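Working notes for the structure below.
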Amino acid sequence: MITVMIAEDQTMMRSALVSLLGLEPDLRVIGEVDRGDEVGAAVAARRPDVLLLDIELPGRSGLDVLEQVRAVRFATAVVIVTTFGRPGYLRRAMDAGARGFFVKDRPVEELADAIRTIAAGETVVDPSLAAQALRSGPSPLTDREREVLAAADGGAPITELAATLHLSPSTVRNYLSSAIGKTGARNRAEALRSAREAGWL
């Protein structure tokens with residue numbers, strides 16, 4: 001029996017996954033989480049074979065959770081299951097140790113097969129998305145540029161961002177300017193939009 005935990009904030013989607021995977025004779029859902037900041041503790045308590053992890057979660061993003069789970073070296077294999085089939089997300093997920101990347105518009109039978117394959121020690125990635133990721137290349141943003149750009153969402157003034165990030169205002173300006181240049185944007189709002197569409201944030 002392969003044990004599965006689902007981290008998904010949309011109640012209808014989470015319930016559907018629980019019900020549909022429950023029909024598979026060799027899969028058993030042993031836990032559900034609807035917030036990113038609760039996943040680590042849930043995985044530590046239940047130790048599922050496979051964690052189905054959404055990217056867009058309240059409290060903490062799925063990509064951050066993935067890094068946390070892998071850092072603790074749980075035996076749990078992580079599969080990103082997302083609406084957003086973006087090459088940048090795929091690359092970041094695989095670099096962080098995901099064993100699979102699955103887009104939600106695929107049939108649940110394919111997901112069940114992917115869970116079995118991943119539980120057997122292999123990796124499953126949508127071929128067309130993998131090809132896009134190879135064509136698009138890695139994110140040009142450094143970790144710090146990504147952090148500052150993400151913090152700038154909402155239009156907070158530089159001084160406020162500096163205080164939040166424990167950086168000087170000039171350092172924040174430099175990181176934002178660099179991120180804007182690398183994304184080919186005219187301002188930080190455009191840079192944020194471009195980086196999100198590429199899956200770099």
Side-chain angles (χ1 to χ4, degrees), residues 1-10 12-36 38-57 60-139 196 198-201:
M1 184 68 71
I2 300 168
T3 58
V4 180
M5 180 174 286
I6 299 171
E8 164 64 60
D9 64 320
Q10 295 179 21
M12 186 178 295
M13 174 63 73
R14 192 173 65 252
S15 298
L17 284 173
V18 170
S19 299
L20 292 168
L21 293 176
L23 298 174
E24 302 292 327
D26 57 339
L27 304 181
R28 182 162 60 97
V29 178
I30 60 169
E32 304 172 46
V33 184
D34 63 359
R35 292 183 55 85
E38 296 173 357
V39 175
V43 169
R46 295 295 188 88
R47 302 293 177 100
D49 297 317
V50 177
L51 168 65
L52 302 184
L53 181 62
D54 190 13
I55 289 179
E56 300 289 332
L57 289 170
R60 192 170 192 184
S61 84
L63 292 172
D64 290 337
V65 170
L66 169 60
E67 292 173 353
Q68 174 195 12
V69 170
R70 302 316 305 153
V72 179
R73 299 189 182 282
F74 291 131
T76 300
V78 180
V79 183
I80 297 294
V81 182
T82 181
T83 304
F84 307 103
R86 296 173 180 159
Y89 281 164
L90 170 60
R91 188 176 287 274
R92 285 178 61 198
M94 302 314 282
D95 286 348
R99 292 267 293 286
F101 196 98
F102 204 84
V103 181
K104 288 179 182 175
D105 63 1
R106 307 297 298 168
V108 73
E109 294 82 8
E110 289 186 18
L111 177 59
D113 287 341
I115 290 170
R116 294 182 186 102
T117 301
I118 287 159
E122 297 182 41
T123 299
V124 176
V125 176
D126 179 270
S128 63
L129 190 57
Q132 288 178 47
L134 288 171
R135 284 195 302 271
S136 65
S139 168
R196 282 220 169 87
W200 296 335
L201 289 183

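Numbers here are sequence positions counted from 1. The shown structure was predicted, so the numbers you read here are calculated from the model rather than taken from an experiment.
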side-chain hydrogen bond (donor to acceptor under 3.5 Å, both in side chains) against Asp49, all qualifying residues, sequence neighbours excluded: Thr3
With Val81 as partner, the option from Met13, Arg106, Glu8, Lys104 fulfilling side chain to side chain contact (heavy atoms under 4.5 Å, CB included) is Lys104
Work out which heavy atom in Ala96 is nearest to a heavy atom in Leu66; give both atom names and the distance. CB-CD2, 3.6 Å
Please identify each residue that fulfils side-chain hydrogen bond (donor to acceptor under 3.5 Å, both in side chains) with Glu38, with sequence neighbours left out. none
Rounded distance [0.5 Å steps], CG in Asp34 versus CD1 in Ile6: 12.0 Å
Under the side-chain hydrogen bond (donor to acceptor under 3.5 Å, both in side chains) rule, collect the residues that match up with Glu122, sequence neighbours excluded. none
Contact between Leu52 and Leu21 at the side-chain level, heavy atoms closer than 4.5 Å - yes or no? yes
Consider side chain to side chain contact (heavy atoms under 4.5 Å, CB included). Of Val78, Thr82, Thr123, Val79, which one does Phe101 pass it with? Thr82
Write down the atom of Ala112, the atom of Leu27, and the distance for their closest heavy-atom approach. CB-CD1, 4.0 Å
Nearest heavy-atom neighbours spanning Arg99 and Ala77: NH1-CB, 3.6 Å
Let's go through Asp95 and Arg92 carefully: what are the C-alpha distance in whole Å and the side-chain angles of both, what is the deciding distance for salt bridge (charged side-chain N to carboxylate O under 4.0 Å, His left out) to 0.1 Å, and is it a yes or a no? CA-CA 5 Å; Asp95 286 348; Arg92 285 178 61 198; over 6 Å; no
For the student: nearest non-hydrogen atoms of Gly62 and Leu53, plus distance: O-CD2, 3.2 Å
Are the side chains of Met5 and Thr76 in contact, using a 4.5 Å heavy-atom criterion? no
In terms of heavy-atom contacts, does CZ of Arg28 have more than 12 from other residues, nucleotides or ligands at under 6.0 Å? no
If you compare all heavy atoms of Pro107 against all heavy atoms of Phe102, which two are closest, and at what distance to 0.1 Å? O-CZ, 4.0 Å
Starting at CD1 of Ile55, measure out to CD1 of Ile80 and round the result to the nearest 0.5 Å. 5.5 Å
In this structure, are over 12 heavy atoms from other groups packed under 6.0 Å from Met1 atom CE? yes
Less than 4.5 Å apart, side chain to side chain, heavy atoms only: is that true for Leu17 and Val4? no
So, do Val43 and Val65 sit near enough that their side-chain heavy atoms are less than 4.5 Å apart? no
Could you grab the distance from atom CZ of Arg116 to atom CG of Leu111, nearest 0.5 Å is fine? 9.5 Å
